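Since the structure comes first, as structure tokens, the remarks are kept for the end.
These numbers were taken from a predicted model, which means no experiment stands behind them.
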Amino acid sequence: MFQIVRKEILNPSIKLMEIEAPYVARKAEPGQFIILRVDEDGERIPLTIADFDRDKGTVTIIFQEVGKTTKLLGSLNEGESILDFVGPLGKPSHLDGVKSAAVIGGGLGTAIAYPQAKKLHSLGARVDSVIGFRNKDLIILEEEMSKVSNRLFVTTDDGSNGTKGFVTDILKRLLEEGNRYDVVIAIGPLVMMKAVSNLTREYGIKTIVSMNPVMIDGTGMCGGCRVTVGGNVKFACVDGPDFDGHQVDFDEAMRRQLMYRNEEKISLEEHECRLRGEKYA
Amino acid sequence: MPNMSLKKVPMPEQNPEARTRNFLEVALGYTGEMAKEEAQRCLNCKHKPCMQGCPVNVNIPGFIEAVAAGDFEKAYHIIKNTNSLPAICGRVCPQETQCEKFCVRGIKGESVGIGRLERFVADWYMSNREQKKGSIARNGRKVAVVGSGPAGLTCAGDLAKMGYEVTIFEAFHTPGGVLMYGIPEFRLPKALVQKEIDYLKQLGVEIKTNMVIGKVLSLNDLMNEGYEAIFIGTGAGLPNFMGIPGENLNGVYSANEFLTRVNLMKAYKFPETDTPVKVGRNVAVVGGGNVAMDAARCAKRLGAENVYIIYRRSEAEMPARLEEVHHAKEEGIIFKLLSNPVRIIGTDDGWVKGIECIEMELGEPDSSGRRRPVPKAGTEHVIDVETVIIAIGQSPNPLISSTTPDLKTNKWGCIVIDENTCATSKEGVFAGGDAVTGAATVILAMGAGKKAAVAIDNYLKAKPNKIKAAE
């Protein structure tokens, strides 16, 4: 069992949990992920590691409540435990030698972009960060990101924080102004990572994206996380989750992401019925 | 006077119609009377030909003689002497290519039902006696076992009985490896595997789940934690795909993923359990091994109307156990033999709608000795399916070898060992099972685990005991 030592509500649907997992904390690196299972009948879901503390032996995860498992997880409180927590899985991000970077986070993706920005900053790189949300109530990690960025740009789809537009609008402006980066790291919804990759391709700037497909074991055993990269089939769990954004077949990844849409709906409805004490029909 | 019937005492089974709607075990097992009757078919040959077919050297005529005499407890101890998982072997061993292949009764008629008798004895003991562990003197020396499939469980059990402090590291949340995630409930009930695992715990074996060795701890980390020897039994977990167009369409699974969803994650109970699985009205399973049969029969139980096995050679070359093929046919699985997929066809929004196959004919024998299948030009045809399951084999998982530079592997990714000592290229590290051989059988992995346990014992006896030296 893995105890929740800290819980924070970052916005109405995004929560942070610091989990006691000393073995995972000892080896975790930015870019890697964990797989957890809340309870005995639960599914295994991958979540990227948002932070870790080797001394305290804790790993931080940040998740959005979208389906049954994330809602169930979000209902747990400090002091309660998660049944299974395994990691660190996947390859760490290669950040050594980077002198300048643009780190782009879209929505929940900001939580995964944060450790990357933090690591780059600690390595002495110049970091421009761009984070985007649907509206100002959904903004997360603004303070944390600003501490590890030379410049931080926060944008909202509806302009409610005073800046209107997508992360790509800001990045485009930065590039047009002549800013250049060794690497652009884009983490967020597939459609956002695709848009960023299309933009940076024009400028020939290396772009790393973090893929988060459906997976079960996270050790290369099931192959459910297949991603086509440069025409070759890769397993996101062991070959990734970071890939070259200019090589990823995003359209295929978006189709694959919808594979269990109906089942996800059924699972959530069943869960909500149970919470109301009704029988699921 | 032996029972001279040419046929085995038939095995009671759930009828095919009923069983394709449940996940309960298909074969129901002999009664005591049936077992005695079958045991009396054994001629108790002096030269014991059956034993040469058994990878773990079970004294077959010895235990069968005890069954014939009605002394099931004695029979159990004879088996258990060399086979630590008889209830499992009795169910999943390919007896027809092992012990039963050499049975004298098989020359004219059917061989003695050795597997059925082994299963009976193990089941009888489990329901009538408590597994006793006796008292074992601990020697205080720590051994790590990586992987809790048949190789790891066997190795751990044998080492624990020798007095070692054994810890098993398992990547999944449940121990058992392929016995839990791969082989379906209707062929190997999970409660039975759990009993064997509980027995190991009684022996003092510690099992740490959620530990992906190679990631959370390296082999060197384990040694630094005081493990004096390590056994790697991580199996062949990496699914092979065909490399044909359409394999990433929605509705295409590796058999590993499909079976793991169904068996380990219990997707057949969805939405009571949270993990779903997609099964169309028409399902194609590509491959001719036991894994293919398991996947096809699961798909049928999950409601598919038409389930096709697509295999590029003929039935004679099929690697699956005869019994599995027989059961699959009884359950209405459709065999498309001498047929090979060339592409998977999708709808505009990326879902499987068909699989295009080409007919094959058998040519000259290839390096495996089996006749090489050759495509027949112009015979391409499409089978309408919504789900495709690829069951063409697995390779060893590279997680450990890729993070252990001094661990030698061959070109297929299999860990290289010394045949006699099971030792790898890394000091103190031993390996066995599918991680060494590539995908094979439960019993071969158990044989390897057993051999490695002896090898590790020899290695540690020859090595100065750090703990004793420190005292």
Side-chain angles (χ1 to χ4, degrees), chain A residues 2 21 23-24 26-28 32 34-45 67-69 72 83-90 215-228 233 235 238 249 251-260 262-264 266-271 280, chain B residues 170-174 181-182 208-218 221 234-241 243 247-261 264-267 269-278 346-347 349-351 390 394-395 397-400 402:
Chain A
F2 299 83
Y23 276 106
V24 185
R26 226 193 279 171
K27 286 286 174 79
Q32 291 188 294
I34 57 93
I35 284 184
L36 64 79
R37 201 168 68 120
V38 179
D39 60 17
E40 192 50 50
D41 285 333
E43 61 179 337
R44 294 169 63 98
I45 60 160
K68 176 186 172 178
T69 302
L72 187 63
L83 186 57
D84 299 297
F85 193 86
V86 55
L89 300 168
M215 56 177 78
I216 300 181
D217 58 294
T219 63
M221 204 203 83
C222 78
C225 63
R226 306 197 285 292
V227 179
T228 302
V233 176
F235 289 1
V238 288
D249 183 341
D251 295 334
E252 178 188 274
M254 285 188 250
R255 280 201 306 267
R256 289 184 64 79
Q257 201 178 36
L258 297 179
M259 185 152 164
Y260 296 101
N262 289 340
E263 287 76 10
E264 283 157 7
I266 292 169
S267 190
L268 183 59
E269 281 167 6
E270 196 258 5
H271 175 62
Y280 178 72
Chain B
E170 165 58 41
F172 262 128
H173 53 265
T174 302
Y181 75 72
K208 293 192 174 184
T209 53
N210 294 317
M211 295 293 271
V212 182
I213 300 304
K215 285 287 177 189
V216 72
L217 291 172
S218 66
D221 291 335
T234 46
L238 202 68
N240 298 339
F241 285 91
E247 270 184 318
N248 284 358
L249 288 166
N250 287 1
V252 181
Y253 285 109
S254 72
N256 267 2
E257 180 179 2
F258 183 78
L259 290 172
T260 302
R261 282 178 180 272
L264 183 73
M265 305 310 294
K266 310 225 176 309
K269 293 186 188 165
F270 180 87
E272 189 188 320
T273 54
D274 295 342
T275 307
V277 68
K278 284 272 183 195
T347 60
D349 51 354
W351 289 84
I390 311 285
Q394 302 90 238
S395 310
N397 194 313
L399 265 187
I400 292 181
S402 67

Geometric class of the A/Phe235/B/Phe241 ring pair [parallel <30°, tilted 30-60°, perpendicular >60°]: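 It falls in the perpendicular class, over 60°.
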What is the minimum heavy-atom distance between [X] and [Y], and which atoms define it?
X        : Y        : answer
B/Ser254 : A/Cys222 : OG-O, 2.6 Å
A/Pro88  : B/Val216 : CD-CA, 4.1 Å
B/Pro239 : A/Gly223 : CG-N, 4.2 Å
B/Asn210 : A/Leu83  : ND2-O, 4.4 Å
B/Trp351 : A/Met259 : CH2-O, 3.2 Å

Could you tell me which residues satisfy side chain to side chain donor-acceptor pair (under 3.5 Å) with A/Lys68, sequence neighbours excluded, listed by chain and number?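 Side chain to side chain donor-acceptor pair (under 3.5 Å) list for A/Lys68, sorted by chain: B/Asp274.
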Among A/Lys27, A/Arg226, A/Glu40, A/Glu264, single out the residue with the greatest number of heavy-atom pairs under 4.5 Å to chain B.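 Option with the top pair count is A/Arg226.
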Between A/Gly67, A/Ala28, A/Gly218, A/Gly224, which has the largest tally of heavy atom pairs under 4.5 Å with chain B?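 The candidate making the most pairs under 4.5 Å is A/Gly224.
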Side chain, backbone, both or neither: which part of A/Arg26 has a heavy atom under 4.5 Å from chain B?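 For A/Arg26, side-chain heavy atoms alone lie under 4.5 Å from chain B.
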Let me confirm one number: the OG1-CD distance from B/Thr273 to A/Glu43, rounded to the nearest 0.5 Å.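 The distance works out to 9.5 Å.
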Looking at OG1 of A/Thr219 and CZ of B/Phe172, how far apart are the two atoms once the value is rounded to the nearest 0.5 Å?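 A/Thr219 atom OG1 to B/Phe172 atom CZ measures 6.0 Å (nearest 0.5 Å).
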Below 4.5 Å from any heavy atom of chain A, which atoms of [X] appear? Answer side chain, backbone, both or neither.
X        : result
B/Gln394 : neither
B/Leu217 : both
B/Phe270 : side chain
B/Leu399 : side chain

Flag the one option from [options] with the top tally of heavy-atom pairs under 4.5 Å to chain A.
options                      : value
B/Asn250, B/Asp349, B/Asn397 : B/Asn250
B/Lys266, B/Glu272, B/Lys278 : B/Lys278
B/Arg261, B/His173, B/Met265 : B/His173

Would a distance-only check, ignoring hydrogens and angles, find a side-chain to backbone donor-acceptor pair under 3.5 Å from B/Asn256 to A/Met221?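 Looks like yes, one N/O pair under 3.5 Å.
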Side chain to side chain contact (heavy atoms under 4.5 Å, CB included) between A/Asp217 and B/Thr260: does it pass, once the steps are laid out? CA-CA 9 Å; A/Asp217 58 294; B/Thr260 302; over 6 Å; no
Is the closest basic N to carboxylate O distance between A/Asp41 and B/Lys269 below 4.0 Å?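 Looking at A/Asp41 and B/Lys269, the cut-off is not met.
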For A/Glu252, give me all partners under side chain to side chain contact (heavy atoms under 4.5 Å, CB included), at least two apart in sequence or on another chain.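 A/Glu252 satisfies side chain to side chain contact (heavy atoms under 4.5 Å, CB included) with A/Thr228, A/Asp249, A/Arg255, A/Arg256, B/Asn248 only.
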